[in-house]
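I have placed the structure first, in the form of structure tokens, so that the comments after it can refer back to it.
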Amino acid sequence: MGEKARIITVAGKGGVDAPVNSANLFRDMVNLKSIDFGNAFSTKHTKNMSMMFTNCKSLEELDVRFFETDQVTNMASMFNECFNLTTLNV
């Protein structure tokens with residue numbers, strides 16, 4: 001598919017629940033430019049977000065304002081090697 005940059009939209013009828021262990025969930029998606037979570041992605045039961053976006057080298061913007069992090073105990077290296085991430089909405 002070449003070096004074409006990608007945009008992911010997370011959506012689903014009734015919403016999408018992130019795994020309890022979301023470590024490495026989007027890791028190594030090196031051509032990913034953006035992820036649109038909207039308000040459909042629930043992290044209310046997630047405990048581990050470590051390295052969730054590690055090595056997403058092309059990621060430029062990310063909006064995680066709707067992430068619920070009350071239960072999260074590990075966010076280590078969450079954005080490691082996201083060299084082009086210039087916009088992060090929290």
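Model, not experiment: these values are computed from the prediction. Heads up: numbering here begins at 1 and tracks the sequence.
Taking the side-chain hydrogen bond (donor to acceptor under 3.5 Å, both in side chains) definition, one finds that N24 meets it with R27, sequence neighbours left out. Considering only residues two or more places apart in sequence or on other chains, D36 meets the salt bridge (charged side-chain N to carboxylate O under 4.0 Å, His left out) condition with none of them.
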Just list the side-chain donor-acceptor pairs under 3.5 Å for residues 77-89, sequence neighbours left out, or say none.
{"from": "N84", "atom 1": "ND2", "to": "K57", "atom 2": "O", "distance (Å)": "2.7"}
{"from": "T86", "atom 1": "OG1", "to": "E60", "atom 2": "O", "distance (Å)": "3.4"}

Mind listing the side-chain donor-acceptor pairs of residues 44-51 below 3.5 Å, one per line with the distance, residues two or more places apart or on another chain?
{"from": "T46", "atom 1": "OG1", "to": "P19", "atom 2": "O", "distance (Å)": "3.2"}
{"from": "N48", "atom 1": "OD1", "to": "S50", "atom 2": "N", "distance (Å)": "2.8"}
{"from": "N48", "atom 1": "OD1", "to": "S50", "atom 2": "OG", "distance (Å)": "2.8"}
{"from": "N48", "atom 1": "ND2", "to": "N21", "atom 2": "OD1", "distance (Å)": "3.3"}

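A ring pair (Phe, Tyr, Trp, His ring centres under 6.0 Å) check over residues 15-39, counting only residues at least two apart or in different chains, returns the pairs F26-F37, F26-F53, F37-F41, F37-F67. The list of side chain to side chain donor-acceptor pair (under 3.5 Å) pairs with a residue in residues 61-73, not counting sequence neighbours, reads D63-R65.
Contact detail for S42 and D17: the closest heavy-atom pair is CB-OD1, 3.4 Å. Of all heavy-atom pairs between A40 and A11, the closest is CB-CA, 4.2 Å.
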* Asked: So I7 and I35, side chain to side chain contact (heavy atoms under 4.5 Å, CB included) or not? Walk me through it.
  -> CA-CA 6 Å; I7 298 173; I35 304 173; over 6 Å; no
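The distance from the CE atom of M52 to the CG atom of N74 is 12.0 Å, given to the nearest 0.5 Å.
F66 and M75 fall into different hydrophobic clusters, where Ile, Leu, Val, Met, Phe, Trp and Tyr side chains are chained together by heavy-atom contacts under 4.5 Å.
Using a 4.5 Å heavy-atom threshold, the side chains of I8 and L32 count as touching.
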